[in-house]
Number of protein chains: 2
Amino acid sequence: MIRVLLADDEGMIRSALAALLRLEPDIDVVAECSDGAAAVADAERLTPDVCLLDLEMPRLDGVEVTEKLNRTTATRCVIVTRHARPGVLRRALASGAAGFLPKSRSADEVAAVIRRVAAGGRYVDPEIAADALSDERSPLTDRELDVLRAGRRGETTGQIARTLSLAPGTVRNHISAVLGKLAVDSRQQAVLLAEERGWI
Amino acid sequence: MIRVLLADDEGMIRSALAALLRLEPDIDVVAECSDGAAAVADAERLTPDVCLLDLEMPRLDGVEVTEKLNRTTATRCVIVTRHARPGVLRRALASGAAGFLPKSRSADEVAAVIRRVAAGGRYVDPEIAADALSDERSPLTDRELDVLRAGRRGETTGQIARTLSLAPGTVRNHISAVLGKLAVDSRQQAVLLAEERGWI
DNA sequence: TTACGGCCATGACACATGTCACGGGTGGGG
DNA sequence: CCCCACCCGTGACATGTGTCATGGCCGTAA
């Protein structure tokens, strides 16, 4: 019997997947969580065989949960997301995820992926994997990404500078570099593009 | 037998709901669509009893689909959304929707809502309905919303002015009014807040 | 009719932002 | 070692942005 933990902040899809998985004779859903912190707590307590983690969750996202669990448990993690971009896949694999499945796929495939991962295998959505090979790596430097992240909700230059302990001029400099590299002409567009590509 | 059309751009939740609904003895899923335009076409061809429509979809969103179908068919529409805010509910009901269900609810409730709506009743999520009574109506004027919409991706003032055929100064003025009313200090924050509340 | 309040539009001004040129520091190859 | 790339910081300048006072338009109430 494969013991599975489910984590997704959207109740409807979480309960729907749980109901479908419970119909499978060899799968047992042992926990349902609505945020990343709860997923970590339950996974450490119940040590399920597989964790099916949504990427976008409050408190801790799927990648952060995977990193934590890989340090403390033997659970294998599958990351599920609606924004399936090469950059996202890259981050997911770097965190130690054993599976990657976009939400555009049918729910039927979930059980198959869980079985495969539980058996020690890996699963990566073939389309996204193909895209990832056509290197869409971020041209941005680490610090530039920091600045972009710190300003992703429209924070002012001064606020960004304070949270990163930088001079305002430096912040503007980094942002200017980002705008040039991404060929856009406002912070907001840069943030949207970077989120789109999974660089943030 | 209640004949149901399902529309959601996320394949996983669409197929999961379809599978669960097919388990119900009195419900028949006659169509699954991944965008609003397909939903309109299929609904007019198949005349299902109930349409379960996601709000966020490509081409036409759930509200627009509901408006169209209410003019041409007798189908009753239920709108499902992850961003369940009073403003969104208001728009949904104004379009003639017979039901409103946030995705935070469990999938079990979907069948019950469908039965209720098919029987001629209405269903509105009680929590959101209560919030909607504590009038969270948009304080923004029509033109201000236009400007906000036109600039929601970080477009520059000049671009907004061109798309709306306005002088740049006018655009800045409207934005200034918006920032004051929403008590924020950048366009991006205003856009995020307005989207959050369902005003855009 | 006049007066009033709303929405819309405009231009002038102050300030924040993006751009550019520059220099110091650090770490990793040739 | 030098060279190079990257990071951090500064300051001056052009441009974009937010604020304000102002006026036109329209519907409503006195």
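Note that this is a predicted model, so its numbers are computed, not measured. Lettering follows sequence order; numbering is per chain, from 1.
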Nearest atoms (heavy-atom pairs only) where A/L192 meets B/R153:
CD1-CA, 3.7 Å

Measure across B/T66 and B/A97 and return the closest heavy-atom pair with its distance rounded to 0.1 Å.
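Smallest heavy-atom distance, with atoms named: CG2-N, 3.7 Å.
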
Flag the pair B/R105 and B/E127 as a salt bridge only when some basic side-chain nitrogen lies within less than 4.0 angstrom of an acidic carboxylate oxygen.
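Between B/E127 and B/R105 there is a salt bridge, with a charged N closer than 4.0 Å to a carboxylate O.
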
In the structure I gave you, are the side-chain heavy atoms of A/R82 and A/D54 within less than 4.5 Å of one another anywhere?
no

So which pairs with a foot in residues 164-182 of chain B pass side chain to side chain donor-acceptor pair (under 3.5 Å), sequence neighbours left out?
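Non-adjacent pairs meeting side chain to side chain donor-acceptor pair (under 3.5 Å): B/E144-B/K181.
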
Partner residues of B/R59 under the side chain to side chain contact (heavy atoms under 4.5 Å, CB included) criterion, sequence neighbours left out
B/D35, B/A37

Side chain to side chain contact (heavy atoms under 4.5 Å, CB included) involving A/S34 - partner list, sequence neighbours excluded
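A/S34 satisfies side chain to side chain contact (heavy atoms under 4.5 Å, CB included) with A/R14 once adjacent residues are dropped.
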
Side chain of [X], backbone of [Y]: donor and acceptor closer than 3.5 Å?
X     : Y     : value
B/N70 : B/G96 : yes
B/R3  : B/T47 : yes
B/T75 : B/P48 : yes

May I ask you to list the residues of residues 143-163 of chain B, by number, that have any heavy atom positioned under 4.0 Å from an atom of DNA chain D?
B/T156, B/T157

What contact category does B/T141 fall into here, base, sugar-phosphate, or nothing, at under 4.0 angstrom with non-hydrogen atoms?
sugar-phosphate

Round to the nearest Å and state the distance from A/R172 atom CZ to D/dG11 atom C1'.
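Interatomic distance, CZ of A/R172 to C1' of D/dG11: 9 Å.
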
Can you give me the first and the last nucleotide of DNA chain C (5' to 3') that has an atom within less than 4.0 angstrom of a non-hydrogen atom in chain A?
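Listed 5' to 3', the contact boundaries are C/dT17 to C/dA21.
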
Numerically ordered, the residues 173-195 of chain B set in heavy-atom contact under 4.0 Å with DNA chain C is B/N173, B/H174

